[in-house]
Structures are given as structure tokens and as C-alpha cells.
Amino acid sequence: QVQLVESGGDLVQAGESLTLSCAASGSIFSASVMAWYRQAPGDQRESIARLISDGTTTYVNSVKGRFTISRDNAKNTVYLQMDSLKTEDTNVYYCNILLPTGWARNPRRSWGRGTQVTVSS
């Protein structure tokens with residue numbers, strides 16, 4: 001069973017950039033979908049970025065043009081490049097990947113700590 005660990009979150013000022021990493025415990029070569037999510041306290045988890053195996057990407061409107069999702073199969077890692085950060089981007093960020101056996105993380109369950117991004121004005 002593939003485990004995922006997010007990292008890279010930090011406290012930054014508005015307008016600055018961060019790169020988040022999602023490290024998998026096994027190969028991600030066979031993954032058909034990579035995805036990033038965010039969740040504020042009391043809210044539901046929101047899908048914000050997706051990368052499918054043919055290279056196409058989709059983004060929620062609130063991050064389109066500012067965030068970029070990518071993968072490095074050799075490092076078993078998915079990335080989220082976050083530019084022009086806004087205070088509204090303050091959230092806990094999570095990742096998930098779709099493998100031939102199913103999602104690495106059950107969509108119906110909590111995904112743990114994630115990585116905290118805090119953007120100050």
C-alpha cells in the first residue's frame with residue numbers, strides 16, 4: 001500500500017512563492033491521476049489541481065494561473081508550485097494519487113496532517 005507524505009508548507013508573505021512536495025513510498029509511474037487538495041478548519045476538502053497521465057492539467061479557478069502541478073517519477077514525488085500567494089490560500093494542503101488498485105488515500109477518510117501554508121499580508 002503506497003503511503004504519501006506532504007511537505008514544504010511555510011509561513012510566507014502575500015506575493016511570495018512556495019513549492020509543496022508529495023513523496024510516495026513506492027513507484028508513481030503507473031499512477032493515472034495526481035491531485036492536490038486543500039482544507040480550511042470546518043470546511044470540506046477541496047480539489048484544486050489535477051494531473052493525468054497524458055500530461056493534461058486542470059485547476060480550480062481560484063488558483064488557475066498561479067499554481068502548477070507536476071510529477072517526477074524518478075523521485076516518486078508530485079509537486080505543487082505556488083506563485084503569487086494570497087492570504088486566501090492559507091490552508092492545509094494534501095495530495096492523492098490514483099493507482100491501478102485505486103486511490104492511495106480513501107476519499108471518504110481524513111488524510112492526517114498534510115502541510116500547512118500560511119500567507120500573511
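Sequence positions, counted from 1, serve as the residue numbers for this chain.
- Between Thr56 and Asp54, the closest heavy-atom pair is OG1-OD1, 2.8 Å.
- Cluster annotation: Trp103 is not connected to Leu4 through the hydrophobic network of ILVMFWY side chains, with a link wherever side-chain heavy atoms come within less than 4.5 Å.
- The local environment of CZ in Arg66 is crowded, with over 12 non-hydrogen atoms from other residues, nucleotides or ligands closer than 6.0 Å.
- In the hydrophobic clustering of this structure, Leu20 groups with Tyr59; members are Ile, Leu, Val, Met, Phe, Trp, Tyr whose side-chain heavy atoms approach within less than 4.5 Å, directly or through other members.
- Ring to ring, Trp111 and Tyr37 are close: their centroids are under 6.0 angstrom apart.
- Under the rule for a ring pair (Phe, Tyr, Trp, His ring centres under 6.0 Å), Tyr93 has no partner lying at least two apart in sequence or in another chain.
- In terms of hydrophobic clustering, with Ile, Leu, Val, Met, Phe, Trp and Tyr side chains grouped at heavy-atom distances under 4.5 Å, Leu18 and Val63 are assigned to a common cluster.
- Shown here for Ser21 and Thr77, the closest heavy-atom pair between the two residues is CB-CG2, 4.1 Å.
- To the nearest 0.5 angstrom, Thr118 atom OG1 is 8.5 Å from Asp10 atom CG.
- With hydrophobic clusters built from ILVMFWY side chains whose heavy atoms lie under 4.5 angstrom apart, Met82 shares a cluster with Met34.
- Put simply, Leu99 and Leu51 are part of the same group of oily side chains (I, L, V, M, F, W, Y) that touch within less than 4.5 Å, one to the next.
- Judged as a salt bridge (Lys or Arg N to Asp or Glu O under 4.0 Å), and not counting sequence neighbours, the contacts of Arg38 are Glu46, Asp89.
- Distance SG/Cys22 to OH/Tyr79: 10.5 Å, rounded to 0.5 Å.
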Worksheet item: Going through the distances and angles, do Val60 and Phe67 end up as a side-chain contact (heavy atoms from CB on, under 4.5 Å)?
Response: CA-CA 10 Å; Val60 69; Phe67 292 7; over 6 Å; no
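- Separation of atoms OG (Ser120) and CG (Leu85) is listed at 10.5 Å; rounding is to 0.5 Å.
- For the atom pair Arg50 CZ and Ile48 CD1, the distance stands at 13.0 Å (nearest 0.5 Å).
- For the atom pair OG (Ser32) and CD1 (Ile52), the distance works out to 8.5 Å, reported to the nearest 0.5 Å.
- In this structure, CD on Gln81 lies 5.5 Å from OG on Ser17, to the nearest 0.5 angstrom.
- With salt bridges taken as basic N to acidic carboxylate O contacts below 4.0 Å, one links Arg105 and Glu6.
- A salt bridge (charged side-chain N to carboxylate O under 4.0 Å, His left out) check over residues 74-86, counting only residues at least two apart or in different chains, returns nothing.
- When every heavy atom of Ala31 is checked against every heavy atom of Ile97, the shortest pair comes out as CB-CB, 4.4 Å.
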